[in-house]
> 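Below is one structure. I have some questions about it.
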Amino acid sequence: MAYNLTYWYVVPNINLTQEIRKKLALFCNVNINAVIESIDAPTIYDVPLLMLKEQLDKIVLTKLKLSTKNEPDLENWKAFLGRLKNPTNES
């Protein structure tokens, strides 16, 4: 089974408005929901949370015809990120 997962990633230094998203979707021949803003992240480890904020997980699951009912459990990831950004001296 082949999937046609067409997404358009944008790396702007501006906030994507609905109007800009509509234009990008129209000119790139993708669904407006597939226009994802790629926000600059302080670390690579912040990217999953930023993509979650853009609802990339739901878009991909919907395209794959998988359930989107359950929210991802990212508590361990958030805890890791907190420790990474706020290390304690344990010597």
> Show every ring pair (Phe, Tyr, Trp, His ring centres under 6.0 Å) that has at least one partner inside residues 62-87, sequence neighbours left out.
Y45-F80, W77-F80

> Do Q18 and I32 pass the side chain to side chain contact (heavy atoms under 4.5 Å, CB included) test, and can you show the C-alpha distance, the side-chain angles, and the key distance before you say yes or no?
CA-CA 9 Å; Q18 271 308 100; I32 190 169; 3.7 Å; yes

> Which residues pass the side-chain hydrogen bond (donor to acceptor under 3.5 Å, both in side chains) test with K85, sequence neighbours left out?
D46

> How far does CD1 of I36 sit from CD1 of I59, to the nearest 0.5 angstrom?
3.5 Å

> List the steps and the verdict of side chain to side chain contact (heavy atoms under 4.5 Å, CB included) for L81 and T43.
CA-CA 9 Å; L81 197 54; T43 71; 4.2 Å; yes

> According to side-chain hydrogen bond (donor to acceptor under 3.5 Å, both in side chains), who are the partners of E71, at least two apart in sequence or on a separate chain?
K58

> Would you give the length of the straight line joining atom CG of L16 to atom CG of L24, rounded to the nearest 0.5 angstrom?
6.5 Å

> Could you list the residues that satisfy side-chain contact (heavy atoms from CB on, under 4.5 Å) with T17, not counting sequence neighbours?
E19, I20

> Below 3.5 Å, can you tabulate the donor-acceptor pairs from side chains in residues 49-56 to any protein atom, sequence neighbours excluded?
unit_1	atom_1	unit_2	atom_2	d
E54	OE1	R21	NH2	3.3
E54	OE1	E37	N	3.1

> Going by heavy atoms in the side chains, are P72 and D57 under 4.5 Å from each other?
yes

> Can you name the residues that form a side-chain contact (heavy atoms from CB on, under 4.5 Å) with L66, not counting sequence neighbours?
L61, L64

